[in-house]
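One structure is given here, and the rest of the page talks about it.
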Amino acid sequence: MKIAVCVKQVPDSWAEKKMVNGTLDRENVDAVLNDLDEYAVEEALRIAEEHGGNDEGGPNTVTVISMGPERATEAVRKALSMGANDAILVTDSKLAGADALTTSAVLAGVISKENFDLVLCGTESTDARMSVVPAMLAERLSSAQLTFASSVTVDPASGKVTISRVTEAGVDEMYANFPCVISVVEKINEPRYPSFKGIMAAKKKSIDVRDLAAVGVSVTSAWSLVADSAPRPPRAAGIKVTDDGSGGEKLASYLAEKKLI
Amino acid sequence: MSNVFILADFLDGKPTKTNAELATAGARIGSVTAVVLAPVGKGEAQASSLATGPISQILIVESDYFSQNGVAAVADALAQLVTTKSPAALLVASHAFGKEVAARVAVRTDSGIITDAVDVSSDLTATQLVFGGSTTVHSKVSHGTPIITVRPNSINAELTPATPVVEKIELALDENSKKATITSSKPPVQGDRPQLTEANIVVSGGRGTNGDFSPVEAFADSMGAAVGASRAATDAGWYPHTHQVGQTGKSVSPQLYVACGISGAIQHRAGMQTSKTIVVINKDPEAPLFEIADFGVIGDLFAVLPKATEGVKAHKS
Ligand SMILES: Cc1cc2nc3c(=O)[nH]c(=O)nc-3n(C[C@H](O)[C@H](O)[C@H](O)COP(=O)(O)OP(=O)(O)OC[C@H]3O[C@@H](n4cnc5c(N)ncnc54)[C@H](O)[C@@H]3O)c2cc1C
């Protein structure tokens with residue numbers, strides 16, 4: 001099987017984020033591999049390992065695909081050190097501030113040239129939190145959409161993929177045939193830590209860095225524009241009481257006073 | 001006058017409160033058409049269940065592919081309607097399904113998309129709260145049909161009775177929208193409590209409950225609240241995953257959020273930080289969630305909650 005995993009480099013979840021010129025200021029924060037994408041990398045590796053592995057010359061390959069600034073190679077390297085085989089990074093100054101429609105167009109541009117059987121993604125990036133790229137990819141690639149998977153079973157011989165989809169609407173059992181776009185929820189597995197061997201091996205793995213022209217996708221003007229953004233006033237300091245036996249009553253009185261009951 | 005589409009929102013066959021909220025936002029821009037995508041034979045019944053909100057027209061498309069093929073089939077029908085009817089905007093409920101449908105329609109119609117809006121103005125400016133609610137962003141779609149997903153429980157719905165004109169439309173769905181097949185669907189276990197994302201009040205329990213949610217549930221019931229949980233509680237199997245609040249659970253923004261025995265990890269905050277009033281009960285005075293609490297009680301939830309429940313009941317009687 002040819003398996004792709006789409007990953008994104010994001011500001012560390014703990015870093016303070018702010019807006020500059022209508023987009024997230026990514027320059028001045030620590031950047032990491034989007035933690036929800038780690039589950040997708042892990043699942044891709046598990047699928048490969050369950051069906052003959054992804055060693056050189058083996059039946060499967062796991063390719064990491066990313067779009068981002070040049071420094072996104074760090075996040076890509078992390079996925080490689082977990083055990084992916086190789087990587088493609090699309091980087092281009094025209095992509096600064098790209099939205100989900102552009103991102104999905106670029107990723108689809110790369111994927112459509114490679115004949116992947118499976119494309120795995122996390123359910124969302126921790127910075128933009130839109131949760132739309134996997135569905136956009138499926139639409140653009142005319143592939144089956146199997147998203148929000150809490151379990152994935154693959155039969156490489158027949159090309160059939162079965163998942164459980166878990167959302168607020170409940171649990172759906174679904175299946176489709178290759179090629180599929182799959183997004184995985186964080187309950188699906190426990191991502192491995194890169195081993196020392198994995199980290200060393202990743203240094204030698206190739207990252208194919210391409211610009212937009214090489215992908216063959218042109219970026220038109222933005223689909224949406226930010227008019228303004230402003231930090232919200234911090235929440236006014238609240239009331240804090242220590243329970244001395246009357247904390248519960250005080251809470252009830254507070255709620256009554258605020259007309260919340 | 002311009003016309004705005006809303007995708008009628010159903011959970012387990014029943015209309016959600018979000019429909020009236022979407023219609024209220026839509027009516028600021030133009031007349032509102034609700035699109036009902038229903039199983040064969042169910043369209044009229046589902047349309048007539050949309051009883052509240054300023055809805056002036058309902059378009060029904062019936063197809064069993066909607067439940068068999070899910071997101072792709074619904075998006076296909078909706079994209080076809082958007083293309084042929086050219087509405088001024090499309091508003092969709094901002095949950096996993098709604099956002100995915102909106103995403104595919106955006107690609108198909110070459111339109112801009114804004115997700116998780118908490119408000120939409122008459123000139124189609126969407127308001128979003130980003131970075132865990134710390135920043136307000138106003139933005140506008142600048143290409144194609146503006147597609148905006150709106151967070152449930154963010155807009156004060158006009159609860160006027162709907163008096164729509166109903167029209168049924170026949171559509172043929174594209175083969176591409178039938179590539180994934182749903183073999184079974186289990187709706188979430190609902191119980192008697194309100195739906196988490198729609199509730200005005202949410203009471204959540206975390207690791208501090210040590211597996212015993214009874215004081216959390218009793219307090220929730222005294223206030224007619226929904227019950228939520230932190231990931232520590234859902235992972236331990238103490239409460240169903242469908243009740244998880246946070247980055248990888250549900251995003252809620254109720255009038256009141258009460259967190260009991262929850263420390264306040266960034267992933268939990270991501271799902272509740274935009275709540276209007278936040279109450280925290282935690283025995284650790286240093287618990288980070290106190291930083292965003294309007295009212296905090298430092299104490300044992302097993303002592304505080306029963307007294308608070310009594311207090312609420314006394315106030316109500
Ligand atoms: C990729 C990823 C996604 C995640 N997504 C989510 C998510 O969607 N939602 C989520 O909630 N978490 C999520 N998490 C987990 C998150 O990081 C925290 O681990 C989790 O929220 C902790 O839950 P907790 O606050 O209940 O437990 P803890 O952090 O263990 O806190 C328990 C609190 O209870 C207090 N306590 C103990 N006993 C009592 C008592 N008797 N009375 C009062 N207080 C008491 C303690 O002082 C403590 O503050 C995610 C993590 C990752 C890595």
Side-chain angles (χ1 to χ4, degrees), chain A residues 13-14 17-19 100-101 104 126 130-132 135-136 138-140 142-148 166-176 185-187 221-232 235 238-243 247-256 258 260-261, chain B residues 11 71-72 95-97 99-100 103-104 106-108 112-115 125 131 134-143 176 179-188 197 223 241-242 248 250 255-256 266 277 279 290 292-299 303-308 311-312 315-316:
Chain A
S13 314
W14 288 99
K17 293 169 200 160
K18 54 182 205 296
M19 302 280 285
L101 284 158
S104 63
T126 54
M130 289 180 73
S131 244
V132 294
M136 287 178 174
E139 177 72 44
R140 291 192 188 280
S142 300
S143 294
Q145 177 185 328
L146 297 174
T147 45
F148 289 90
V166 186
T167 67
E168 51 269 90
V171 182
D172 294 337
E173 304 302 327
M174 316 180 59
Y175 71 87
V185 300
E186 102 298 349
K187 292 169 196 79
S221 60
W223 273 276
S224 58
L225 294 171
V226 172
D228 61 74
S229 67
R232 295 174 87 207
R235 292 186 97 96
I239 304 162
K240 209 162 156 190
V241 300
T242 303
D243 184 35
E249 279 153 51
K250 283 182 184 147
L251 171 55
S253 313
Y254 171 81
L255 296 176
K258 287 267 163 183
L260 288 162
I261 47 174
Chain B
L11 183 65
V71 171
H95 41 47
F97 179 84
K99 289 206 274 188
E100 291 196 320
R104 295 188 69 127
V107 169
R108 276 276 293 275
I113 174 173
I114 295 172
T115 61
T125 297
F131 311 150
S134 66
T135 303
T136 307
V137 176
H138 293 114
S139 47
K140 257 176 118 157
V141 167
S142 51
H143 196 278
N176 272 335
K179 287 188 167 164
T181 305
I182 300 171
T183 49
S184 77
S185 291
K186 253 202 318 245
T197 48
M223 295 198 295
H241 277 296
T242 44
T248 49
K250 285 177 188 163
Q255 292 299 321
L256 171 65
I266 198 142
T277 300
V279 168
F290 278 124
I292 58 165
D294 297 290
F295 192 89
V297 183
I298 302 163
V304 175
L305 281 177
K307 292 246 169 78
V312 169
H315 180 82
K316 282 195 170 171

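A, B, ... follow the sequence lines: proteins, then strands. Residue 1 opens every chain. Both backbone and side-chain heavy atoms feed into the values below; hydrogens, waters and symmetry mates do not.
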(request) Tell me, for A/V185 versus chain B, whether the close heavy atoms (under 4.5 Å) come from the side chain, the backbone, both or neither. (result) neither
(request) Could you look at A/L260 and say if it's the side chain, the backbone, both or neither that has a heavy atom under 4.5 Å from chain B? (result) both
(message) I'd like to check B/L256 versus A/I261 (side-chain heavy atoms, cut-off strictly below 4.5 Å). Are they in contact?
(response) no
(request) State the OG-NE2 distance between A/S253 and B/H315, to the nearest 0.5 angstrom. (result) 9.5 Å
(request) Against chain B, label A/L146 side chain, backbone, both or neither, depending on which of its atoms sit under 4.5 Å from a heavy atom there. (result) side chain
(message) Given heavy-atom pairs under 4.5 angstrom as the criterion, report whether the side chain, backbone, both or neither of B/A106 touches chain A.
(response) both
(message) With a 4.5 angstrom heavy-atom cut-off, is it the side chain or the backbone of B/T277 that approaches chain A, or both, or neither?
(response) both
(message) If I compare all heavy atoms of B/P188 with all of A/A169, which pair ends up nearest, and what's the gap?
(response) CD-O, 3.2 Å
(message) Parallel, tilted or perpendicular, judged at 30° and 60°: which one describes the rings of B/H143 and A/W223?
(response) perpendicular
(message) Does any backbone or side-chain atom of A/L101 lie under 4.5 Å from a heavy atom of chain B? Answer side chain, backbone, both or neither.
(response) side chain
(message) Checking A/E173 against B/S184: is there a side-chain donor and acceptor pair closer than 3.5 Å?
(response) no
(message) For a quick test of reading the model, state the closest non-hydrogen atom pair linking B/V304 to A/G247 and the distance between them.
(response) CG1-C, 4.2 Å
(message) Walk me through whether B/V279 and A/L255 qualify under side chain to side chain contact (heavy atoms under 4.5 Å, CB included).
(response) CA-CA 9 Å; B/V279 168; A/L255 296 176; 4.3 Å; yes
(request) Check whether B/K250 gets within reach of chain A through its side chain, its backbone, both or neither, counting any heavy atom under 4.5 Å. (result) side chain
(message) To the closest 0.5 Å, what do you measure between CG (A/D172) and NZ (B/K186)?
(response) 10.0 Å
(request) Please state whether the side chain, the backbone, both or neither of B/L11 comes within less than 4.5 Å of a heavy atom of chain A. (result) side chain
(message) So which atom in B/S142 and which in A/A222 form the shortest heavy-atom distance, rounded to 0.1 Å?
(response) OG-O, 3.1 Å
(message) Tell me whether B/K179 at atom NZ has more than 12 heavy atoms from other residues, nucleotides or ligands lying less than 6.0 Å away.
(response) yes
(request) Test B/D294 against A/I239 for side chain to side chain contact (heavy atoms under 4.5 Å, CB included), laying out the working first. (result) CA-CA 6 Å; B/D294 297 290; A/I239 304 162; over 6 Å; no
(request) Side chain from CB out, backbone as N, CA, C, O: work out which of these in A/K258 comes under 4.5 Å of a heavy atom of chain B, or both, or neither. (result) neither
(message) If I measure from the heavy atoms of chain A, does B/V297 come under 4.5 Å with its side chain, its backbone, both, or neither?
(response) both
(message) Under a 4.5 Å cutoff for heavy-atom pairs, which residue among B/V141, B/V312, B/T248 has the most contacts with chain A?
(response) B/T248
(request) Side chain from CB out, backbone as N, CA, C, O: work out which of these in A/A138 comes under 4.5 Å of a heavy atom of chain B, or both, or neither. (result) both
(request) Could you check if a side-chain atom of A/K240 sits within less than 4.5 angstrom of a side-chain atom of B/I298, using non-hydrogen atoms only? (result) yes
(request) Would you please test A/E139 and B/R108 for side chain to side chain contact (heavy atoms under 4.5 Å, CB included) and show each step? (result) CA-CA 8 Å; A/E139 177 72 44; B/R108 276 276 293 275; 2.9 Å; yes
(message) Between A/S143 and chain B, with a heavy-atom cut-off of 4.5 Å, which part of the residue counts as in contact: side chain, backbone, both or neither?
(response) backbone
(message) Between B/V107 and chain A, with a heavy-atom cut-off of 4.5 Å, which part of the residue counts as in contact: side chain, backbone, both or neither?
(response) both
(request) To the nearest 0.5 Å, tell me how far B/I292 CD1 sits from A/R235 CZ. (result) 6.0 Å
(request) Report the option among A/A252, A/A135, A/A176 that has the most heavy-atom pairs separated by less than 4.5 Å from atoms of chain B. (result) A/A135
(message) Between B/K140 (side chain only) and A/S224 (backbone N and O only), is there a donor and an acceptor less than 3.5 Å apart?
(response) no
(message) For the interface with chain A, which of B/G299, B/G311, B/A180 has the highest count of heavy-atom pairs at distances below 4.5 Å?
(response) B/A180
(request) Among A/V132, A/L225, A/T167, single out the residue with the greatest number of heavy-atom pairs under 4.5 Å to chain B. (result) A/L225
(request) For A/S142 and B/N176, work out which heavy atoms get closest and say how close. (result) OG-ND2, 3.2 Å
(request) Identify which of B/V137, B/T136, B/T115 forms the greatest number of heavy-atom pairs closer than 4.5 Å to chain A. (result) B/T136
(request) Answer yes or no: is there a side-chain heavy-atom contact under 4.5 Å between A/V241 and B/F295? (result) yes
(request) Return yes if some donor-acceptor pair links the side-chain N/O of B/K99 with the main-chain N/O of A/M130 below 3.5 Å, else return no. (result) yes
(request) Please flag which part of A/Y175 lies under 4.5 Å from any non-hydrogen atom of chain B: side chain, backbone, both or neither. (result) both
(message) Using only atom types and a distance under 3.5 Å, with no angle test, would you say the side chain of B/T135 pairs donor to acceptor with the backbone of A/R232?
(response) no
(request) Pick one of side chain, backbone, both or neither for B/H138, based on which atoms fall under 4.5 Å of a heavy atom in chain A. (result) both
(request) Would you check if there is a donor-acceptor pair between the side chains of A/T147 and B/E100 at a distance under 3.5 Å? (result) yes
(request) Please answer whether the main-chain N or O of B/A72 pairs with a side-chain N or O of A/Q145 as donor and acceptor at a distance below 3.5 Å. (result) no
